Each structure stands twice: as structure tokens, then as C-alpha cells.
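Here is the naming used below: chain letters follow the sequence lines, and residue numbers restart at 1 for every chain. Everything numeric here is computed off the predicted structure, so don't read it as measured data. These numbers come from the heavy atoms of this one structure, side chains and all, not from hydrogens, waters or symmetry mates.
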There are 2 protein chains.
Amino acid sequence: MGRWEPDARGRMIRAAVELFGERGFEQTTAGHIAERAGVTERTFFRHFTDKREVLFDSTGAMDRVTREAIEAAPADLPPLSAALVGVVAGGDLLADRHEHAARRSRIIEVNPGLRERELLKLAGMVTATADALRARGVAEPAASLAAHSAVAVFQVAFAHWVSAEDPPALADCIEAAAAVLRALE
Amino acid sequence: MGRWEPDARGRMIRAAVELFGERGFEQTTAGHIAERAGVTERTFFRHFTDKREVLFDSTGAMDRVTREAIEAAPADLPPLSAALVGVVAGGDLLADRHEHAARRSRIIEVNPGLRERELLKLAGMVTATADALRARGVAEPAASLAAHSAVAVFQVAFAHWVSAEDPPALADCIEAAAAVLRALE
DNA sequence: AGTGTCGATGTCAGTCACTGTCATCCTCGG
DNA sequence: CCGAGGATGACAGTGACTGACATCGACACT
């Protein structure tokens with residue numbers, strides 16, 4: 001690996017979060033981030049496909065965990081329940097970092113471009129969930145609809161969790177939202 | 001309005017769809033579109049906030065129609081049903097333009113940036129729907145969840161409708177998807 | 001030690017999306 | 001005939017992102 005300072009990627013992520021918090025996303029250039037991280041702008045773009053992506057580095061892991069949890073769920077669990085098991089497992093990756101999640105959400109919230117990217121990541125979660133459901137034999141369009149519903153539950157629960165002063169358990173937020181969804185007519 | 005050729009906006013939209021179809025989105029510069037439309041690049045950006053936006057000019061109208069349909073729906077209709085009335089009404093704006101919708105979708109489908117923008121527009125539809133539901137007295141998080149569900153139904157139904165060789169009625173696709181959603185466990 | 005491969009980085013030049021600014025030009029009302 | 005206003009053209013500038021090429025240092029192999 002490194003003959004230079006190690007963990008260049010991590011340094012860039014931290015630098016970016018700091019700078020976005022200090023001066024805002026748009027006022028921060030890729031060069032600023034690179035400079036604070038002690039690398040070149042070119043290196044920044046070798047690690048992240050775009051300037052936004054630096055805030056979404058862990059979404060791949062969430063997709064994977066979600067998928068695996070659904071695969072591991074009891075075979076007789078109905079589609080929506082299985083999908084919810086998945087998003088709960090994915091949410092667990094954030095559960096103990098409420099502070100960090102809140103700071104990050106505050107940055108994303110105020111920037112349309114970043115919200116757009118977040119939606120793309122959520123769409124990726126929908127795809128992962130639907131794939132995993134199909135792998136258990138759930139047919140279309142039930143798989144996609146269950147996946148969309150579960151991720152919607154996640155979104156609503158996450159938004160509530162993040163904005164809460166006294167952080168409840170994310171899993172509880174998800175369960176509560178799921179209960180409301182099931183009660184819908 | 002115009003002392004120059006009228007309908008500059010419409011010309012740019014048509015030019016853009018043509019060029020995106022001919023050479024692809026990324027290979028088409030804003031200058032190309034402007035040139036074919038007989039205007040300046042600067043003028044293009046006066047009409048559209050971004051290069052992508054030229055493909056999403058009618059989404060504002062869909063949001064409005066969706067909102068109005070929900071307002072006009074019977075007061076005793078439960079949240080999800082009311083939301084579905086909304087997206088059906090919104091879908092009606094596209095119902096008789098299957099060919100155009102299909103061509104547009106083909107362009108969007110293959111470009112991550114355009115899919116991202118589409119997701120933002122769908123998120124706008126969720127917001128419009130949730131707002132309209134709250135205006136009828138539906139509380140949170142039920143309003144958001146019903147809105148998300150209805151738009152998910154719309155997405156799934158629209159995707160099926162667009163990819164169908166022999167175009168069925170979009171409203172029927174939506175109803176069918178809604179039935180599957182309600183049968184979920 | 002000597003050497004060569006290889007992955008990660010630096011350097012540089014270039015394209016294109018997008019913006020601010022200012023002059024210009026119809027179109028309409030007076 | 002004249003002035004205000006809206007839309008456009010012309011132009012310069014910033015910043016995101018990319019491609020090509022040189023470099024450096026760890027590691028393996030000899």
C-alpha cells in the first residue's frame with residue numbers, strides 16, 4: 001500500500017465533511033478537499049467518481065448487508081417482512097453513529113445535488129432489496145413493490161431518527177413506521 | 001414575447017430529445033442543442049437550470065395535477081386510495097403519449113445522471129402527494145408513507161407500461177400494481 | 001545489492017457545464 | 001416618437017472532471 005501517508009481515502013472523507021460543514025458544499029472545491037487531505041485534486045477524483053460521492057462512501061456496505069440479511073431471513077417470512085428485516089440490518093450500520101449521521105444529513109438536506117445523489121443511493125437499496133426478494137422466489141411486481149415499501153419505511157424512519165434530539169433506537173423507528181404502513185388503507 | 005422565432009423553449013426541448021437520441025446524452029453538448037434550436041448556449045441555460053432539466057419540463061404540471069386530484073377526491077377516501085387517485089391523474093398526462101414516453105425513458109435509462117434527476121422528480125411527486133394528504137387531515141408519518149407507496153406503485157406501473165410492446169392503459173397498470181401492493185404482507 | 005514490476009500519486013493540458021455582466025434589440029404602452 | 005421592460009447575444013471566467021504521461025517507492029525475484 002502506502003509509501004505516502006496511509007488512509008488517503010479516509011483523510012479525504014474527513015476533510016470533505018469538515019469543509020462542507022464549515023463553508024458549505026458549493027463553496028468547497030475539490031481542490032480544497034484535496035489540499036486539506038494532503039493530496040492532489042487528481043487523486044481525489046481517482047478515489048471518488050465525483051465531488052458528491054465522497055459523502056456516500058458506505059452505501060455499498062449497506063446494500064450488501066441488506067441483501068445478506070434478506071437471504072438469511074426465515075424462508076416462510078412474507079415479502080414485506082423479509083424486506084424490512086433487510087433494511088433494519090442495513091440501518092444497524094448507522095445505529096450507533098447518530099451524531100455523525102445527523103451532521104451528514106444536515107449537509108445533504110440543504111443541497112439539491114446531494115439530495116439527488118442520496119436518492120440514487122436509496123434507489124440502489126431498492127434494487128438490492130428487490131433482487132434479494134426475487135432470489136427467495138418472490139415474483140414481480142411484488143418484489144419491487146415490497147422493496148420500495150421497505151425503503152420508504154426506512155427513509156421515513158431515518159428522517160425521524162436523525163432529527164430527534166434524544167436519539168431513540170433506529171430499529172424502533174423503523175418498526176413504528178412499518179406498523180403505520182401496514183395500517184394504511 | 002418574442003421578436004425572434006417563437007417557442008424557443010419548445011425548439012430546444014425537441015432539439016435536445018433528437019440529439020440525445022442520435023448521439024447520446026453525454027456526447028451532446030449544451031452548445032449543440034442551442035445551435036440546432038437556433039439560439040445561444042447562454043439562452044439554453046436561461047431556460048433550463050441544467051442540461052438534464054430539458055428532459056423534465058413537464059414534471060411541474062404532473063405535480064400540480066396530482067395535488068389537485070387528491071384535493072378533489074372524496075373526503076372519506078382512505079389515505080392510500082386518495083394518493084393513488086392522485087398519481088392516476090398525474091399519469092393521465094402521459095397516457096396518450098406512449099411513444100414519446102418510451103423514447104424518453106430509453107434515453108434516461110442508460111444515463112446515471114438522468115436517472116438521478118428522474119428520482120428527484122419522483123421525490124417531488126412524493127412531496128406533492130404527502131402535502132395534499134396532510135391538507136385532508138392525514139397525519140404523519142401516514143401521509144408520507146402513503147405518498148411513498150403511491151409513487152412506488154406509479155413507478156412500477158410506469159416502467160411496465162413503457163416497456164410493453166402493445167401499450168395497455170397506464171391507469172390499468174397502476175390499478176394492477178396497487179392491487180399487488182395491497183396484497184403484500 | 002541489483003533489477004524489474006506494479007500500484008498509487010503528481011503534473012499538465014484540455015473539455016465542458018454553468019454563471020455574471022453588459023450591450024443590444026424588439027415590443028408595447030404612452 | 002419615445003421610454004421601459006423582457007429576452008437575447010457576446011464574452012470572459014470558474015470549477016468539475018478526464019486523459020496522457022512521468023515518477024516514486026514497496027515488494028519480489030535473483
Side-chain angles (χ1 to χ4, degrees), chain A residues 1-57 107-108 110-118 120-121, chain B residues 1-20 22-57 107-108 110-121:
Chain A
M1 300 212 175
R3 51 213 167 297
W4 304 267
E5 297 301 317
D7 194 26
R9 190 186 193 81
R11 270 172 12 240
M12 295 168 103
I13 293 176
R14 281 185 293 276
V17 173
E18 289 174 17
L19 287 166
F20 292 166
E22 294 169 12
R23 354 183 354 181
F25 176 78
E26 301 187 341
Q27 320 310 321
T28 304
T29 74
H32 294 154
I33 301 172
E35 185 184 10
R36 181 169 299 196
V39 295
T40 304
E41 185 183 337
R42 190 68 184 86
T43 294
F44 177 85
F45 287 111
R46 284 204 180 92
H47 282 268
F48 306 100
T49 62
D50 49 82
K51 194 177 128 189
R52 304 172 195 167
E53 198 64 16
V54 69
L55 280 177
F56 298 89
D57 197 51
I107 297 173
I108 295 174
V110 298
N111 185 284
L114 290 172
R115 296 208 315 120
E116 221 170 334
R117 178 55 50 84
E118 188 176 40
L120 191 65
K121 297 305 183 181
Chain B
M1 294 212 171
R3 51 205 171 301
W4 303 267
E5 297 300 316
D7 194 26
R9 192 186 192 80
R11 274 179 1 246
M12 295 169 103
I13 294 177
R14 282 185 292 275
V17 172
E18 289 174 16
L19 287 166
F20 293 166
E22 294 169 12
R23 353 181 357 179
F25 176 77
E26 299 187 339
Q27 321 310 322
T28 304
T29 74
H32 294 154
I33 301 172
E35 185 183 10
R36 180 169 300 197
V39 295
T40 304
E41 185 182 336
R42 191 66 184 88
T43 294
F44 177 85
F45 287 111
R46 284 202 181 92
H47 282 267
F48 307 100
T49 61
D50 282 13
K51 194 177 127 189
R52 304 174 195 168
E53 198 64 16
V54 69
L55 280 178
F56 299 90
D57 197 52
I107 297 173
I108 295 174
V110 299
N111 185 284
L114 290 172
R115 296 208 315 120
E116 220 171 334
R117 178 55 49 86
E118 187 176 39
L119 292 170
L120 191 65
K121 297 305 182 180

S.K.: How long is the gap from CD1 on A/Ile108 to CD on A/Glu118, to the nearest 0.5 Å?
M.R.: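 Rounded to the nearest 0.5 Å, the CD1-CD separation comes to 4.5 Å.
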S.K.: Please identify each residue that fulfils side-chain contact (heavy atoms from CB on, under 4.5 Å) with A/Ala37, with sequence neighbours left out.
M.R.: A/Arg11, A/Met12, A/Ala15, A/Val39
S.K.: Can you list every salt bridge (charged side-chain N to carboxylate O under 4.0 Å, His left out) pair that touches residues 23-35 of chain B, not counting sequence neighbours?
M.R.: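 For residues 23-35 of chain B: none.
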S.K.: Over all heavy atoms of both residues, which pair between B/Leu114 and B/Phe56 is shortest? Give the atoms and the distance, please.
M.R.: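 Closest heavy-atom pair between B/Leu114 and B/Phe56: O-CZ, 3.7 Å.
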S.K.: With side chains defined as the heavy atoms from C-beta onward, is the minimum distance between A/Glu53 and A/Lys121 less than 4.5 Å?
M.R.: yes
S.K.: Side chain to side chain donor-acceptor pair (under 3.5 Å): which pairs involve residues 38-49 of chain B, sequence neighbours left out?
M.R.: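 Those involving residues 38-49 of chain B are B/Arg9-B/His47.
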S.K.: Does any residue of residues 38-53 of chain B have a heavy atom under 4.0 Å from DNA chain D, and if so, which ones, in number order?
M.R.: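 Hits under 4.0 Å, by residue number: B/Val39, B/Thr40, B/Arg42, B/Thr43, B/Arg46, B/His47.
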S.K.: Of all of residues 7-24 of chain A, which get a heavy atom below 4.0 angstrom from DNA chain D, listed by number?
M.R.: none
S.K.: Sequence neighbours left out, what passes side-chain hydrogen bond (donor to acceptor under 3.5 Å, both in side chains) with A/Arg36? Give chain and number order.
M.R.: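 For A/Arg36 the side-chain hydrogen bond (donor to acceptor under 3.5 Å, both in side chains) partners, ignoring immediate neighbours, are A/Glu18, A/Glu22.
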